[in-house]
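One structure is given below, encoded as structure tokens.
Every number for a ligand or one of its atoms is a count from 1 in the order of the listing.
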Amino acid sequence: MGTTVGIVGLGLIGGSLGLDLRSQGYRVIGVSRKRQTCQTAVLRKVADEASIHLSQLATAEVIFICTPIRAIAPTIAALLPHLSPEAIVTDVGSVKTPIVEAIMPWCPNFLGGHPMAGTESQGIDAAQRNLFVNTPYVLTPVESTSTRAIAQLEEIIGAIGARLYFCSPQQHDRAVAWISHLPLLASAGLIESCLGEEEEEVLQLAQQFAGSGFRDTSRVGGGNPELGVEIARSNREEILRSLSRYRQNLDGLITAIEQEDWQKLAAILQHTESERKKFVARSC
Ligand code: NAP
């Protein structure tokens, strides 16, 4: 029989992971907060069995903690007494440094992870197959991480079709501030700005005219608000750094337009046109 994988938190990420792992021959035991979610998980074939009790995971060899960020460390603390000493524990939290620093001292078999895939939806009903195919999956080992834990997770992440990367928790948090957390907040700022239009008729027209450009740039600002707040709380410094740089760049654009410095504006837009292509090409 294949490896038994435990998943705690059967929502968008945990549920999608369960669907793919089961289809790859893993035995999946799910644990979630609500009974109804556990029933849905079994019906939707997210898990072979599911329960609201962490003790259900006693036979799991690898456990993915897929709860909201604030529940990750307390969940692992409550889970440890039920596990075999060899069991490997990982998480999928969008921020790594505070989680790894909180857990490593008392859970040496923990290896932080972050699948860089998602949608704007949440909960078990949002779980979907192949969510992780060809998307980055970051593992953040530290000096004491065992090669066994890395090898085991490497195999599972390969099975769901994700592209594996390794870096330190600190590098992870700084990098994702640029490409994930800043876009989320910039996009939220964009939506708020647009909704601030004072003339009702103009606002309605804007809504009717909104096409793919607005849909693309506002997409990540229209996601799970609870997750956005958790991310900002747990990656505060890096987010402030990236937002400040963003504000400087916005000021640069405002100044160029105020001063009718079209050459300056053209130079900025030529630079972003050519660099975006290279930046995005490197991420595929
Ligand atoms: P989600 O859809 O809201 O799923 C989380 C699920 O965890 C909830 O549906 C809830 O299920 C369950 N849960 C909540 N508290 C729990 C607890 N104390 N014990 C057990 N289960 C609990 O959220 P998500 O988007 O999957 O995010 C989960 C994690 O993935 C977060 O740490 C997030 O940082 C990370 N992540 C998210 C994305 C994304 O784009 N969404 C991408 C990468 C990583 P019930 O209450 O229904 O039982």
Side-chain angles (χ1 to χ4, degrees), residues 6-21 29-44 46-47 50-57 60 63-80 82 89-100 102-103 110 112-128 131-133 135-140 157 160 162-163 165 169 172-173 175-177 179-181 183-185 187-188 219-235 239:
I7 299 178
V8 185
L10 298 169
L12 167 68
I13 299 295
S16 301
L17 196 57
L19 283 172
D20 285 355
L21 288 178
I29 306 175
V31 170
S32 212
R33 199 175 38 175
K34 296 192 195 119
R35 268 178 221 283
Q36 175 66 50
T37 303
C38 297
Q39 284 165 7
T40 308
V42 174
L43 274 176
R44 285 202 57 198
V46 158
S51 157
I52 57 166
H53 301 295
L54 289 167
S55 56
Q56 196 81 5
L57 296 172
I63 299 97
F64 286 79
I65 310 297
C66 304
T67 64
I69 293 172
R70 68 178 178 286
I72 292 173
T75 299
I76 297 176
L79 174 66
L80 273 190
H82 302 289
V89 183
T90 187
D91 75 317
V92 297
S94 308
V95 173
K96 294 275 59 87
T97 310
I99 292 175
V100 173
I103 294 165
F110 178 76
H114 180 200
M116 308 251 337
T119 70
E120 304 85 76
S121 309
Q122 60 201 89
I124 185 79
D125 294 328
Q128 61 182 66
L131 182 68
F132 310 101
V133 172
T135 61
Y137 198 121
V138 189
L139 288 178
T140 59
I157 292 163
I160 59 172
R163 289 184 278 125
Y165 294 89
H172 167 275
D173 290 354
V176 295
I179 54 81
S180 178
H181 304 167
L184 188 158
L185 294 163
S187 174
R219 185 178 64 80
V220 289
N224 180 350
E226 190 192 351
L227 179 58
V229 174
E230 282 207 300
I231 286 172
R233 287 174 76 128
S234 11
N235 199 20
I239 286 176

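With a 4.0 Å cut-off on non-hydrogen atoms, Cys66 touches ligand 1 through its backbone and not its side chain. Contacts of Glu230 with ligand 1, taken as heavy-atom pairs under 4.0 Å, are absent altogether. Contacts with ligand 1 closer than 4.0 Å are made by no heavy atom of Ala126, backbone or side chain.
Ser94 places none of its side-chain heavy atoms less than 4.5 Å from the side chain of Val176. At a threshold of 4.5 Å between non-hydrogen side-chain atoms, the residues Thr37 and Ile52 do not count as touching. Counting heavy atoms from C-beta on, the side chains of Ile103 and Ile72 come closer than 4.5 Å. Between Met116 and Ile179, some side-chain heavy-atom pair lies under the 4.5 Å cut-off. Side-chain contact check for Ile63 versus Ile76: every heavy-atom pair is 4.5 Å or farther apart. Residues Val42 and Cys38 have side chains not in contact (no heavy-atom distance under 4.5 Å, counting atoms from C-beta outward).
Distances from atom 30 (O) of ligand 1 to the heavy atoms of Val92, Thr75, Leu184 show the closest one on Val92. When the heavy-atom distances from atom 41 (N) of ligand 1 to Leu54, Leu227, Ile231, Ile65 are ranked, the shortest goes to Leu227. The heavy atom nearest to atom 29 (C) of ligand 1, out of those in Thr67, Leu10, Ile13, is found in Thr67. Between the choices Gly15, Ala71, Pro68, the shortest heavy-atom distance to atom 13 (N) of ligand 1 belongs to Pro68. Of the candidates Pro115, Ser32, Ala127, the one placing a heavy atom closest to atom 43 (C) of ligand 1 is Pro115.
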| task | Determine, step by step, whether Asp125 and Arg44 satisfy the salt bridge (charged side-chain N to carboxylate O under 4.0 Å, His left out) criterion, reporting the C-alpha distance in whole Å, the side-chain angles of both residues, the deciding distance to 0.1 Å, and the verdict. | result | CA-CA 9 Å; Asp125 294 328; Arg44 285 202 57 198; 5.0 Å; no
Practice problem: For side-chain contact (heavy atoms from CB on, under 4.5 Å), just list the numbers for Ile231 and Ile239, CA-CA rounded to whole Å, side-chain angles, deciding distance to a tenth of an Å, and then say yes or no. | Solution: CA-CA 9 Å; Ile231 286 172; Ile239 286 176; 3.9 Å; yes
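Of all atoms in ligand 1, numbered sequentially from 1 with element shown, those under 4.0 Å from a heavy atom of Ala117 are 38 (C), 40 (O), 42 (C), 43 (C). Short contacts between ligand 1 and Ser94, defined as distances under 4.0 Å to a heavy atom of the residue, involve ligand atoms 33 (C), 34 (O), 35 (C), 36 (N), 37 (C), 44 (C). Contact atoms of ligand 1 toward Thr37: 45 (P), 47 (O), 48 (O) (distance under 4.0 Å to a heavy atom of the residue). Atoms of ligand 1 lying under 4.0 Å from any heavy atom of Gln122, numbered from 1 in the order shown and given with element: 2 (O), 3 (O). For ligand 1, the atoms lying closer than 4.0 Å to a non-hydrogen atom of Gly9 are 7 (O), 12 (C), 21 (N). For ligand 1, the atoms closer than 4.0 angstrom to any heavy atom of Gly93 are 32 (O), 34 (O). Ligand 1 places these atoms under 4.0 Å from at least one heavy atom of Gly118: 40 (O). Near His114, meaning under 4.0 Å from any of its heavy atoms, are these atoms of ligand 1: 43 (C), 44 (C).
Looking only at protein heavy atoms, the nearest one to atom 9 (O) of ligand 1 is Gly11 CA, 3.7 Å. Taking atom 1 (P) of ligand 1 as the reference point, the nearest protein heavy-atom neighbour is Gly123 N, 3.8 Å.
When all heavy atoms of Val220 and Ser187 are compared, the closest pair comes out as CG2-CB, 3.7 Å. Nearest approach of Asn235 to Ala177, heavy atoms of both residues: ND2-CB, 3.9 Å. Of all non-hydrogen atoms in Glu230 and Pro68, the two that sit nearest each other are OE1-CB, 3.4 Å. Between Gly93 and Lys96, the closest heavy-atom pair is O-NZ, 2.8 Å.
The aromatic rings of Phe132 and Tyr137 sit tilted, their planes meeting at an angle between 30° and 60°.
Here's the thing with Ser121: none of its N/O atoms is less than 3.5 angstrom from an N/O atom of ligand 1. Considering backbone and side-chain N/O atoms, Asn224 never comes within less than 3.5 Å of an N/O atom of ligand 1. Inclusion of Val8 in the set of residues having an N or O under 3.5 Å from an N or O of ligand 1 is not warranted. For Arg33, a nitrogen or oxygen atom sits less than 3.5 Å from a nitrogen or oxygen atom of ligand 1, counting backbone and side chain alike. Some N or O of Leu12 is nearer than 3.5 Å to an N or O of ligand 1, by distance alone.
No donor-acceptor pair under 3.5 Å is formed between the side chain of Thr135 and the backbone N or O of Ala162.
By the 4.0 Å heavy-atom criterion, Ile124 is excluded from the residues contacting ligand 1.
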